[in-house]
Structure formats: C-alpha cells, structure tokens
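Notes follow the structure.
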Amino acid sequence: MNYFAGEYDVAVIGAGHAGIEAALASARLGCKTAVFTINMDAVGNCPCNPSIGGTAKGHLVREIDALGGEMGKTADECFLQSRMLNRGKGPAVHSLRAQIDRRKYSDTMKHKLELQENLELRQAEITDIKKTDGGYLLTTRMLAEFLCKTVIIATGTYLGGRIFVGEVSYESGPDGIFPATALGQSLKDLGLPLRRFKTGTPARVLRRSIDFSELEVQKGDEPPQPFSYETENMGENKVECHISWTNDKTKQIILENIHRSPLYAGKIEGVGPRYCPSFEDKIMRFKDKPRHQLFIEPCGLNTEEMYLQGMSSSLPEEVQLKFYRTIKGLEHCVIMRPAYAIEYDCVDPLAMNPTLEFKNFEGLYGAGQFNGSSGYEEAAAQGLVAGINAAFKVQGKKPLVLSRSNSYIGTLIDDLVTKGANEPYRMMTSRSEYRLVLRQDNADERLTPIGHEIGLISDERYKKFLNKQELKKQEIKRLKETVISPSKEVNDILVSRETSEINTGVHLIDLLKRPQLDYKALAPIDIHRPDLDPNIFEQVEVEIKYEGYISKQLKQVEQMKKLENKSLPNNFDYSEINGLRLEAREKLNKIQPLNIGQASRISGVSPADVSVLLIWLAQNKNR
C-alpha cells in the first residue's frame, strides 16, 4: 500500500554528474530539493574514465565553475595529475584535463550534497511518475509517494540499462549497480519519446601486473592549473600516466573474434558514440591503420586499478585478455574489471526547450545522458542549467537560456534541442562557430556576471572577479603606454626569437603582438611588470595577439544576436505561412524555435525559408 512521504519544490532523479549540479543549484537558489539515487554509494560515480576535462570538455568545466557550479572545485580537490591539452595549437582549443581519484571524487560530492541546506539525499528507486495539477507524483519501489512541483530526470545510463560482454548480456547499470527498469515504461506511458543508445568502457587491470619499463611516461604540467577560479593552490602532481600502442597481433585477434562482438552480431540495437568507439569498432573502421594509441591511467591513490583509455570493448572476457596481452607493457596484465558495453534508454532532445524543460510537460526537465549526450562534463553542464531553470520555474522567475555566442554550454544545449542527437552527443571545439571568443581562459569574464545575477556566485567572489577585470584593464593600459627603447639586450632577445630588431622606441603592446614573442620572452626587458595572476597575463596576451580575429568574430556574434532577438510565436502552426518548403514547415512545427536564430540552425530549414520567416515577421509584427 502506497504512503505519502513528502513534498518538494524540485525533485532530481539520479545523482550522477547531471543530478549533482541540478540538485545543488536548485537548493542553493532556495528551493526545497530532493535527489533520488538507486545506490547512495554511486553518487558522483565515474564509471568510465577517471578524469575530468579534456578537449572542449575542459571549457565546459570552466564555464560550470564560472556560473557557480561544483564540478571544477571538486575536480581540483581530487586531482592526481593535471595537463593542458593542445598547447601546440591556438588558444581557442587549449583544454584542461585532470586525472582524478574517482572514489575520492564520489565521496566528496556525496558529502557536499549531504551538507547542502535545502537538500535531501535519498536512496530510492523512482519507478513511476505521474502528472498532477500541482506538479508530479513520484512513486518509489518501496511504495513511497512524493509530490513535487518540478522534476529533473538525470538517469544517466541506468534507465533500462543492459550490459553486454561477448555472448553474455544482462540487466544492469554501470559498475554492477541495479538498473532503473520500471521508470522507463512509466516515462513512455507519460508520452516521452525514448530511444536506445549505447556506450562502453575499457577493462581495469592490476597495477603490479604491468611492466612500466616498457611504457612511455606522460607527466603532468608544472605547476598544475586548476579548473575553478576559486582554487588558489593545487599542490603538485601526484602520479604519472603512461602511453603504449597496439600492433598487428592485437588487430589480428580482434578480426578473428569480431563475430563474437555483440555489436557486430546484431545483439546491440542502441546507437554508439562516433567519437568514442569501442576498440573493435576502431579496427573495423580503420583497417589500414597499423596501430592505435592507448593511455594507462591510475584510478586513485588508494587502489591498484589502472584504466586503459582508448581500449573500450564488448568482446568476451577471454578475448579481451588475449588482445590486451599483445600490447607492450601489458604482456602479463591481470584484468580486475572486464570491459563492457552498456545499452540504455534516453530521450529525443528535440522534445525540449533550450531551458531543458519538455515542451509538452510543464515543470519536467531532462539533463545529461538522458538527453542523448555523453560525458561527465556535458552532463554536469546540462544539470546546472536544468537545476537553475527548475528553481526559477517554482519561484516564477524568467528562465536562464545561454546562447551559442556566450558559452559552450549554450552551444551544447542548442545543438541538442535544435538539431537533435542521432548518436551520443560529445562536445568538441569544432562545434562552436565562435571558439576564439569562447576560450577556457575567459570563461569567468563571459559567465560570472550571469552567475552572480542569478544568485550562485557570492558577492565576495564577484568583487574578486571585478578586481581581476580592473587589473586586466590596467595591464593593457600599461602595455600601450610603456615604450621599449632600442638596446643590445633588447635586440639580442628579438634576434634569438627570430624577429626583427628595433631602431626606435616601440610600445610594449606592439612587441607582444609579434607571433614570435610572448610575456615570458619579454620578461628581462619588461622590468616594471606587476605581479599579477598568470590567468590575467594569458587573457591579455591572447586578446592582443588575436585582436583582429576576435573583432571579426564579435561582429558575427552581433549579427547572430539580431536574429536571436527576432522572436517567433509559441505553439504556432507554420503551415499558415506561404512560401515555406514542406520540410521546413514540418521541422518548424516539430521544434517550435524560440527565434529566427534558432530556426536558421534547424536541419531542413534553408536560407530561403529564413527569408520567408523574416518577411512574415515584418508583415505580422503586431500579431
């Protein structure tokens, strides 16, 4: 017999990376919040790679922190090794990645949820969700009922989870935890458009079974850089990672056993991530490639498990052991946890608004892998936005919609709700048309004012941010006013950096504009340089060197903003507009874009269709 157990402003189903950020945000904004998890020991779990950040993902973590989220701070607290990726390329693609202690990260996040005011962490499996006049009624497997004004679904890969290892398959969530089996049917009955996706993870091997003398060492950066703008001292890197390569023998074993892969045997119906394929998928797609790189990474300081980045598989366990042992350094490896593929239910994100609220279900939100994305960072970013908007919904405030022009988070959400996801979505720097403006070094400049305005950035932190902006302004002024006179010391530096000498006085800013020079090279002659945060020097240098490109991109942003400001009507029947092609009418009716800018990014809506919409808007501006 069911019993009534309580009421909440915001209920979050799932306590992974999306659920954590959603719950913390809504609670910190003053809403009575509950977060439900099947297993309390799996809060903030990292079932795949033991790392945070990476290419484009590091941008997301910095943006989460700039808005007042928690992922960056906790990653800094639990980091083992930190590296800035893509240093050999331009600043737009520089991305921070940190190896983390996965158990410490989980424990730290769980404790933060437990300590958060207005927040209750509950171990309970939600099995049913029903729409009511006052919100939603949630029922648990223990038959407890909760009445909630808003609900955020952040089920990760647990919803209808099924594990595949060779010929074996069974219902399960990641890491052997129970799946959410009943909720999926309830969501289908509610009317959500669910589909199946799949992902996978490599084996974990015993540290002492690895011959590290055969491996290439990968050290961290010194000093390590933090994700959070509030982290003042990271300490030192605590571990080393290692690199090895596959070979022809590895490839041969895969090809001989490919028929035993559930993916190629037709047992997996879910669509997998194109940009993070299983190892057997790599072999089949790139048969001409002689070898593939893998990274051997520690899972924590208090465990002997080592993660084989790049070697995800769903082949039988004995085949996994066989091909792992063909790799240099792993000839005698012992598998502690076999690799597996997991198939799960997720929703079509085209059913959501940019607020991550479902169009046809007021007060119901989705976040993370449930929305068809992949990755911890993508999940956390969506969870933060969903949590903010659920809280604002309860409080009757205007929702938060981030744009493509001010954040990767805005790009991520816009891609999902405008273009949809035919496979697990992964953020990459190439997805943004404004990536020189959306650098990771200036995430605070772009988003901290928004975080302060909505109430997740404290007054104290905001004052520090404003002070940093003033120091940056003063530094640019100093560079413009400081004149460097010609001398042997100056010209020796210029010649050593393969740039031309000077014969007359030159402003310091003009020297810094030269591609061969940077702050470090100019230090001996820049004797009055102030002692500032290195992040300030980084931002100043990038803005000076790329001034022309940034200016051009900012003009593109302004042009797009004009389209974004041209709002379209809600729940409108686009078949009423003459001149639109049939495909455009169908897509516009399905997605119901908020404005012309969003409409222009819908697949199937041509520039000619956009022109028709603009003309129709001008003719019906009073409508």
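Because the structure is a prediction, the values reported are computed rather than measured. One-based numbering along the sequence shown.
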Checklist line | Partners passing side-chain hydrogen bond (donor to acceptor under 3.5 Å, both in side chains) against Asp345 (at least two apart in sequence or in another chain) | finding: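 Here the qualifying residues are Arg196.
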
Next item on the list: With sequence neighbours left out, write down each residue that passes side-chain hydrogen bond (donor to acceptor under 3.5 Å, both in side chains) with Arg585, or none if nothing qualifies.
Entry: none

Next item on the list: Verify whether one side chain among Asn49 and Arg102 offers a donor that lies under 3.5 Å from an acceptor in the other.
Entry: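 There is no such pair (donor and acceptor under 3.5 Å, judged by atom type) between the side chains of Asn49 and Arg102.
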
Checklist line | Residue pairs, two or more places apart or on separate chains, that pass ring pair (Phe, Tyr, Trp, His ring centres under 6.0 Å) and touch residues 573-605 | finding: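 The answer is Phe572-Tyr574.
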
Item checked: Any pair counted as ring pair (Phe, Tyr, Trp, His ring centres under 6.0 Å), so long as it reaches residues 104-132, sequence neighbours left out ->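 Passing the test, one end in residues 104-132: His17-Tyr105.
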
Checklist line | Ring-face cation contact, Phe146 with Arg122, 6.0 Å cut, 45° max | finding: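 So Arg122 doesn't make the cation-pi contact.
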
Pairs under 3.5 angstrom only: tabulate donor-acceptor contacts from the side chains of residues 347-359 to other protein residues two or more places apart or in another chain.
| residue | atom | partner | partner atom | Å |
| --- | --- | --- | --- | --- |
| Asp348 | OD1 | Leu350 | N | 3.0 |
| Thr355 | OG1 | Glu357 | N | 3.3 |
| Glu357 | OE2 | Gly363 | N | 2.6 |
| Glu357 | OE2 | Lys393 | NZ | 3.2 |
| Lys359 | NZ | Leu350 | O | 3.0 |
| Lys359 | NZ | Lys590 | O | 3.4 |
| Lys359 | NZ | Ile591 | O | 2.3 |

Next item on the list: Would you name the heavy atoms of Ala380 and Ile64 that are closest together and state the gap between them?
Entry: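 Looking at all heavy atoms of both residues, the closest pair is CB-CD1, 3.7 Å.
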
Note to self: Ignoring hydrogens, what is the shortest heavy-atom contact between Gln123 and Met40? Give both atom names and the distance.
What the structure shows: OE1-N, 2.8 Å

Item checked: Electrostatic pair Arg404-Asp415, nearest N-O below 4.0 angstrom ->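 Yes, charged N to carboxylate O under 4.0 Å.
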
Next item on the list: Give the C-alpha distance, both sets of side-chain angles, the deciding distance and a yes or no for side-chain hydrogen bond (donor to acceptor under 3.5 Å, both in side chains) between Glu145 and Asn2.
Entry: CA-CA 7 Å; Glu145 292 183 340; Asn2 293 10; 2.7 Å; yes

Next item on the list: State whether the number of non-hydrogen atoms from other residues, nucleotides or ligands found under 6.0 Å of Glu362 atom CD is greater than 12.
Entry: no

Next item on the list: With sequence neighbours excluded, give me every salt bridge (Lys or Arg N to Asp or Glu O under 4.0 Å) pair touching residues 5-15.
Entry: Asp9-Lys149

